[in-house]
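First the structure, in the form of structure tokens, and then the observations on it.
Numbers here are sequence positions counted from 1.
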Amino acid sequence: MTITRMDPLSFAKLMGAVYALGGLIAGLFMFVFSTLAGTLTGAGQGTGMMALGAGSIIVFPLLYGAIGFVGSLAFAGLYNVLAKNIGGIKIEVS
């Protein structure tokens, strides 16, 4: 079995979701560490660090998802051009 073509939009949607999930995980780590750091530093600087962490739970998945979508869309288009000229990925299925 050989993959000769990918639908760029379906591949980009799937990879955008995968990257968004990775961004959510990264955002959660950022939230935990910045909340911990904000708690340890005190009242003045700590509030800003905690807000940064809370914002990262929203911003990271959106940013990672958008970058993953655009990058995967470009990758699938490039793959289709190259697979047509030099062959696709061969997969053995049992």
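Nearest approach of Ser72 to Gly68, heavy atoms of both residues: OG-O, 2.8 Å. Nearest heavy-atom pair across Ala76 and Pro8 is CB-CA, 3.6 Å. Between Ala83 and Thr4, the shortest heavy-atom contact is CB-O, 3.6 Å.
Cluster annotation: Leu78 is not connected to Leu14 through the hydrophobic network of ILVMFWY side chains, with a link wherever side-chain heavy atoms come within less than 4.5 Å. Cluster membership for Phe33 and Leu63, using ILVMFWY side-chain heavy atoms within less than 4.5 angstrom, is not shared.
Interatomic distance, CE of Met1 versus NZ of Lys90, reported as 13.0 Å (0.5 Å rounding). One distance of note links CE of Met30 with CD1 of Ile25; it measures 16.0 Å at 0.5 Å rounding. Between the CG atom in Leu73 and the NZ atom in Lys13 there is a gap of 11.5 Å [rounded to 0.5 Å].
Among residues at least two apart or in separate chains, ring pair (Phe, Tyr, Trp, His ring centres under 6.0 Å) pairs with a member in residues 57-86 are Phe11-Phe75, Phe60-Tyr64.
A side-chain donor-acceptor contact under 3.5 Å links Ser56 to the backbone of Gly27.
Applying the side chain to side chain contact (heavy atoms under 4.5 Å, CB included) test to Leu28 and every residue at least two apart in sequence or in another chain returns Leu24, Ile57. Taking the side chain to side chain donor-acceptor pair (under 3.5 Å) definition, one finds that Asp7 meets it with Ser10, sequence neighbours left out.
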